[in-house]
Amino acid sequence: LTGVPGFPLPTIHTQQAYAPDGDFTARWTRADALQIKAQSNPSVPAGQNSLPSQLIMPGIPADFPTINPDVWVWDTWTLIDKHADQFSYNGWEVIFCLTADKNAGYGFDDRHTHARIGFFYRRAGIRADQRPANGGWIYGGLLIPEGAQEQVFAGTTYTITAEWSGSMRLLDPRDNKVSLFYTDMAFNRDASGQDITPAQAVITQSLGQIHADFNHVWFTGFTTHTPLLRPDGVLYQNGAQNPYYNFRDPFTFEDPNHPGVNYMVFEGNTAGQRGVANCTAEDLGYRPNDPHAETVQQVLDSGAYYQKAAIGLAVAEDSSLSKWKFLTPLISANCVNDQTERPQMYIKNGKYYIFTISHRTTYAAGVDGPDGVYGFVGNGIRSDFQPMNYGSGLVLGNPTDLNQAAGTDYDANPQQNPRAFQSYSHYVMPGGLVESFIDTVENRRGGTLSPTVKLGIRADASAVDLRYGNGGLGGYGDIPANSADTNVSAF
Ligand code: FRU
C-alpha cells in the first residue's frame, strides 16, 4: 500500500480473530477514516459527487413512487433466522418498518418520537419487474398492541414513548413463533420538545406469532415486553454520562464457529463522561513516523473527543433469548464518528463483515465521509476488523460532494449534491442486496423505501453492481426472501 500523496496511511489491521468474550476492541481510526477524504476528488464542480463511483449508490430519480399514502416509512428489516437468511411465510414476504402516521399533522422530521413498528407483506416469488413500481407491499398495520411497550417504563417519568429499530427472528422455520428485538424509547420532554431528563433506551424482547392465509398476513402476541439491556456506563455509555448517548438497534445471530450460542450486535457509545478529552494514539492509529500524522494534542484541541461511537456485543444466557450479558465493544470510533447505527453481522466465505450506517454530520472534527453504509472485515465475530475499501470503511455512500458543507436533509445546502441525503438506514441482505429508505431527493422528502441495490463483496473490497436493475437501481422496496418456511401451507 503506497497511500495517497498528502494523506497518512491507514492503520494496519490484521483481521485476526479473538475470543468473543475477550476484551479486544478493534478501532476504526482517524488514519482509516481519512482515507475517505484521500479518495475524494478535491476539484469536482460544486454539487457533484466527489467520491469513488463504485462506493456510491446510483442517484434515485426525484419522481420515486411511495409505498403507502398514510404512513411514513423509514428503518426496515426482514424476517430472519439465526443465520440472517430471509424467510417467506406461507407464500408471503414480510417486512417490518418504523412507521409514523402521516395524517396526524406532523412531518417526516418529527417522526422519531412517534415511531411505531408496522408491517407490510406481499406474495413471494414474483420478479421485481412484474410487481407494481412501489414494490407492491400491502400495509398490515402496527405490530405491538397500543401502549404495551410502556410496561418497560413502569415507575419512571416520561411524556412520550417510541419503538425504534431492531430485528425479527423466526425462532424455528417449522413453526410460527417469532421474537422481536427492538429499542423501546421513553422521552421526558417539556412543551418545547427539550429533554427534562435524558431519553431512556432499552433493548427489549417481545414474542409473537405470525399467521397467514390465502388473503393476508397477521400477527398475534407482542403483549409482554421484556427489558434485556440498559447501558451500564462501564462498557456502554449511559444517559447520566451523556444525555445524547446512543444505545439501540439490536441484531441477533448465531456464530457458526460457536454453534448454539446467540450473540447480539447493537449501536452504542464508548462508556465515560461526555466531554472528557481522552482519545489515545491508538484511536488516531497513525503508523510510526507517518509525516501526515496528527498529534493526540492536536486532535483533542479540535474537540473531536465528543464523537465516540461503539459497536456493541452481548451474549444470550438462556435459550429463550430473554437474558443477555454485555461483552466488550467490537469496534470503537473514538474521535472519529459518534454513530455506528443498525450494525449487523454478515458472514460470507468464512469472513465476518460488520456493516453499519453512519452520517456525515456525526463525524468528528477533521474527518469526513458521506451518509451511508460502512463495513469492516475480520476472521471472527471479534477481530482486529479491517475497514473495507482502501482501509477507509466506506462501502455505500450517497452521492456527495465532500468539498461542500453537508447541509441537512430538511434544509439543503444549495451547493451540495441534491442526493447527499437520498437514502439512509441501509440493511445488507443475502446475496449483497441492500435495502434502505428514501429521505430527500432534490428537496422532495421520501418516507418510503429506496430502490434496492446490489453489492459485490470480495475480501476487503466491495463495489456497487451497475448491471443490477436499471443502471444499478433495482425495484423500489424489492426485499425478496431467500428461504421459505417449512410450515405446511394452509392454502
Ligand atoms: C437510524 C435510526 C436508528 C433508530 C431510528 C430512530 O435511521 O437512527 O438508529 O432506531 O433511526 O428513528
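Just follow the structure's listing: the first ligand is 1, and inside any ligand the first atom is 1. Since this is a predicted model, take the numbers as computed values, not measurements.
Of all non-hydrogen atoms in Arg382 and Asp21, the two that sit nearest each other are NE-N, 4.5 Å.
Evaluation of the side chain to side chain donor-acceptor pair (under 3.5 Å) rule for Gln339 yields Asn246 as partners, not counting sequence neighbours.
Note: Thr99 OG1 to Arg116 CZ = 8.5 Å, rounded to the nearest 0.5 Å.
Near ligand 1, residues Trp74, Asp75, Leu98, His112, Trp164, Ser165, Arg248, Asp249, Glu267, Glu341, Tyr424, Ser425 come within 4.0 angstrom through at least one heavy atom.
Phe266 pairs in a ring pair (Phe, Tyr, Trp, His ring centres under 6.0 Å) with only one of the listed residues (Phe253, Phe251, Phe247), which is Phe247.
Residues Phe119 and Phe219 place their aromatic rings such that the two centres sit under 6.0 Å apart.
Cation-pi geometry between Arg111 and Trp74 is satisfied (NZ or CZ under 6.0 Å from the ring centre, within 45° of the ring normal).
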